[in-house]
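Below, all heavy atoms of this structure are taken into account, side chains as well, without hydrogens, waters or symmetry copies.
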Amino acid sequence: DPDTVFMPGRLRAHLGNARAPAKLPVYWRNAHGILPLLGAIEVVNSNGLEMLFENIDDCHKSIGGHSGEDGFVQGCFDMIGVGFMQNDNVLVSSSTLPCTDGGKVAYHPRKSVGDWMSCFKQMGGR
């Protein structure tokens, strides 16, 4: 999402430490509850994306288009057998928390340019 402040270097560090199975399709769940994959940032390996693209028509037929993009993608991944790993350090989904936790990859939402830039600077961006 454009209102997500995201640091790619932090994601690389998380990916390096994840120890995901190399050949298996995997995505990261970044939340808990009814929708454990929030669309502010979606992390999936290339095998998972290939499966998604190969099965997208079947997913549209089975899931439809009423769940929003993140609900659709998660539902499709689960339907076609893409595995998942839970990573609670990818996303902070709160507009009120400061962007000062160096272990987090992304903060969402930051709706105004000023809020987005402030968060980016707090995360060490220039």
By salt bridge (Lys or Arg N to Asp or Glu O under 4.0 Å), K111 pairs with (sequence neighbours left out) D3
Residues two or more places apart in sequence or in another chain: which of them pass salt bridge (Lys or Arg N to Asp or Glu O under 4.0 Å) with D1? none
Does anything in [range] pair up under side-chain hydrogen bond (donor to acceptor under 3.5 Å, both in side chains), and if so which pairs, sequence neighbours excluded?
range	result
residues 61-72	none
residues 47-58	none
residues 13-22	none

ILVMFWY cluster, V105 and V26 together (side-chain gap under 4.5 Å): yes
Among residues two or more places apart or on two chains, list those pairs meeting disulfide (SG to SG under 2.5 Å) that have a residue in [range].
range	result
residues 12-70	C59-C76
residues 84-126	C99-C119
residues 15-45	none

Checking N30 side chain against L38 main chain: does a donor-acceptor pair fall under 3.5 Å? yes
Under the side-chain contact (heavy atoms from CB on, under 4.5 Å) rule, collect the residues that match up with [X], sequence neighbours excluded.
X	answer
Y27	R29, L37, V44, Q74, F77, D78, V82, F84
M7	R10, F120, M123
P8	F6, R12

Closest approach of M51 and P25, non-hydrogen atoms and distance? SD-CG, 3.2 Å
If a pair satisfies ring-ring contact (aromatic ring centres under 6.0 Å, His included) and one of its residues is in residues 35-65, list it, with sequence neighbours excluded. H60-F72
